[in-house]
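Atoms within each ligand, like the ligands themselves, are counted from 1 in listed order. For the single chain, residues carry numbers from 1 onward in sequence order.
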Amino acid sequence: MKKMMTIISTLVLATIATMGTLQAAPDWSKAPAKKMTLLYPGTASLEWTLKGVDHSGAKAMKGGETCAGCHDKEAADVGKKIVSGGKPDLEKTAIKVPGSIPITVQATHDGANLYLRLQWKDTKSTGAPKMDEKNQVKVAMMIDAGKVDYADVGGCWASCHHDLRTMPDVDKNAPNHAKAKALDIRKNGPTKYLKESRTSITNKEHPWGGWDKLKSGAEIDKELKEGEFLDIVQYRSGAAPRDGYVLDARRMKEVEGVAEGKLEGDTWTVSFTRKLASAEIGDHKIEPGKTYHIGFAIHDAYSNERHHHVSLGHSLALDNAKADINAVKQ
Ligand code: HEC
């Protein structure tokens with residue numbers, strides 16, 4: 001009997017311990033809400049945005065002006081122009097996707113975890129071909145801790161290059177490169193990378209970008225240790241969520257519990273949970289008193305690869321009303 005009781009109490013303790021790691025759901029009604037617009041960017045890569053003859057924002061960007069500073073209020077118009085074929089250097093013809101998706105972002109924390117929630121109305125698009133049969137929706141967020149070039153100016157644009165898979169200057173021979181496997185280059189080319197991982201990138205002569213100008217493994221490892229990467233988490237409606245980082249390539253693996261989502265009525269709700277003091281490689285520690293750069297992307301209506309809607313760069317901080325996204329403690 002005594003042994004039985006011990007087993008039972010051990011089981012009870014084990015259950016309580018597991019429950020302890022499952023956090024109580026945050027009270028979202030108390031979390032400040034930030035509205036933003038995710039726009040369809042076409043092939044507007046970092047290289048394109050930095051090319052003065054193509055983009056009049058280029059010069060100011062080099063001086064530190066942010067994409068949001070110039071485009072925040074008219075992000076929906078930019079997307080509309082691109083999907084309607086009004087910007088043929090970014091999308092050759094009109095396409096059947098919405099120009100933009102308005103979203104609401106909320107964030108909160110409890111001293112141990114950061115919770116972030118996105119909501120938007122299902123776009124019920126579209127008639128566009130299904131590119132990713134398995135996932136009706138995918139949502140990603142990327143966070144910079146202040147060490148990645150252009151992340152302060154353009155959020156996700158720091159990782160978006162003209163020679164990525166499905167982009168105009170992709171190298172058809174990339175899958176034959178000696179490092180193709182290590183960089184997860186499959187049949188259609190490289191994934192996101194940062195300028196920090198390359199000896200140079202260019203937007204002078206085509207091809208733009210610099211996917212094959214890799215720095216040495218030792219240099220890249222050092223950058224990773226020093227926090228020069230974008231921390232990425234991804235929700236997928238038809239598969240497990242993924243967690244990882246972007247530096248020399250986009251490196252993600254399936255991790256249960258980092259994201260969840262649902263479509264209720266006509267509203268999608270996707271939330272992310274992550275440890276503030278994570279020691280995982282590729283996770284930034286999220287600390288009080290620091291400001292982070294953050295960007296979001298939604299792959300809507302079974303879309304894939306470059307065919308997503310993206311936010312301009314925004315700021316994130318804990319208990320700081322000056323940040324675009326202020327995670328207030330509960
Ligand atoms: C100093 C202001 C400024 C900044 C900063 C800026 N832009 Fe622009 N952008 C413009 C202007 C003005 C245009 C319209 C004329 C043109 O195409 O040059 C434009 C055009 C665009 C277009 C094409 C759509 C259109 O309406 O013609 C896209 C896409 C775009 N910008 C994206 C970005 C992104 C992404 C960033 C940051 C990485 C950025 N811009 C930074 C001013 C800016």
Side-chain angles (χ1 to χ4, degrees), residues 36-95 97-103 105 140-144 146-164 166-169 192-196 198 201-204 206 208-210 228 230 232 246 250 291-300 303 305-316 324-325:
M36 56 178 80
T37 304
L38 270 50
L39 64 100
Y40 183 86
T43 58
S45 61
L46 177 64
E47 290 79 18
W48 181 88
T49 62
L50 288 168
K51 187 87 178 166
V53 291
D54 294 325
H55 178 224
S56 26
K59 198 168 165 220
M61 271 176 66
K62 287 171 196 158
E65 178 62 277
T66 67
C67 315
C70 290
H71 292 297
D72 206 22
K73 294 213 169 58
E74 42 122 55
D77 298 335
V78 174
K80 195 168 160 199
K81 187 166 169 187
I82 297 173
V83 299
S84 61
K87 201 73 193 155
D89 56 331
L90 299 180
E91 195 69 61
K92 285 196 186 72
T93 53
I95 51 166
V97 303
S100 59
I101 305 179
I103 68 167
V105 183
M141 68 171 184
M142 292 206 286
I143 302 175
D144 158 56
K147 295 197 171 164
V148 170
D149 243 11
Y150 296 114
D152 54 344
V153 166
C156 305
W157 261 271
S159 67
C160 174
H161 301 282
H162 226 64
D163 55 0
L164 299 184
T166 69
M167 291 291 277
D169 286 354
K192 291 189 246 298
Y193 61 86
L194 302 182
K195 170 178 161 279
E196 280 78 355
R198 303 305 197 259
I201 59 167
T202 183
N203 64 356
K204 294 203 170 69
H206 286 280
W208 291 349
E228 292 176 43
L230 294 177
I232 183 169
V246 175
R250 187 197 63 185
T291 299
Y292 299 82
H293 306 115
I294 188 166
F296 303 96
I298 295 181
H299 281 94
D300 170 50
S303 65
E305 299 172 327
R306 77 170 177 85
H307 306 273
H308 51 7
H309 290 78
V310 289
S311 72
L312 303 170
H314 294 277
S315 59
L316 163 79
D324 298 332
I325 302 170

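- Here the closest non-hydrogen pair linking Lys51 and Lys204 is NZ-O, 3.7 Å.
- Within 6.0 Å of the NZ atom in Lys59, the count of heavy atoms belonging to other residues, nucleotides or ligands does not exceed 12.
- Separating the CE atom in Met167 from the SG atom in Cys160 is a distance of 4.0 Å, to the nearest 0.5 Å.
- Among residues at least two apart or in separate chains, there is no ring-ring contact (aromatic ring centres under 6.0 Å, His included) pair with a member in residues 67-86.
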Pairwise, report which nitrogen or oxygen atoms of ligand 1 are under 3.5 angstrom from protein nitrogen or oxygen atoms, and how far apart they are.
unit_1: ligand 1; atom_1: 7 (N); unit_2: His55; atom_2: NE2; d: 2.8
unit_1: ligand 1; atom_1: 7 (N); unit_2: His71; atom_2: NE2; d: 2.7
unit_1: ligand 1; atom_1: 9 (N); unit_2: His55; atom_2: NE2; d: 2.8
unit_1: ligand 1; atom_1: 9 (N); unit_2: His71; atom_2: NE2; d: 2.7
unit_1: ligand 1; atom_1: 18 (O); unit_2: Ser56; atom_2: N; d: 2.6
unit_1: ligand 1; atom_1: 18 (O); unit_2: Ser56; atom_2: OG; d: 2.5
unit_1: ligand 1; atom_1: 26 (O); unit_2: Lys81; atom_2: NZ; d: 3.3
unit_1: ligand 1; atom_1: 27 (O); unit_2: Lys81; atom_2: NZ; d: 3.0
unit_1: ligand 1; atom_1: 31 (N); unit_2: His55; atom_2: NE2; d: 2.9
unit_1: ligand 1; atom_1: 31 (N); unit_2: His71; atom_2: NE2; d: 2.8
unit_1: ligand 1; atom_1: 40 (N); unit_2: His55; atom_2: NE2; d: 2.9
unit_1: ligand 1; atom_1: 40 (N); unit_2: His71; atom_2: NE2; d: 2.9

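- The CG atom of Leu230 sits 11.0 Å away from the NE2 atom of His293 when rounded to the nearest 0.5 Å.
- In this structure, Glu47 contributes its side chain and His162 its backbone to a donor-acceptor pair below 3.5 Å.
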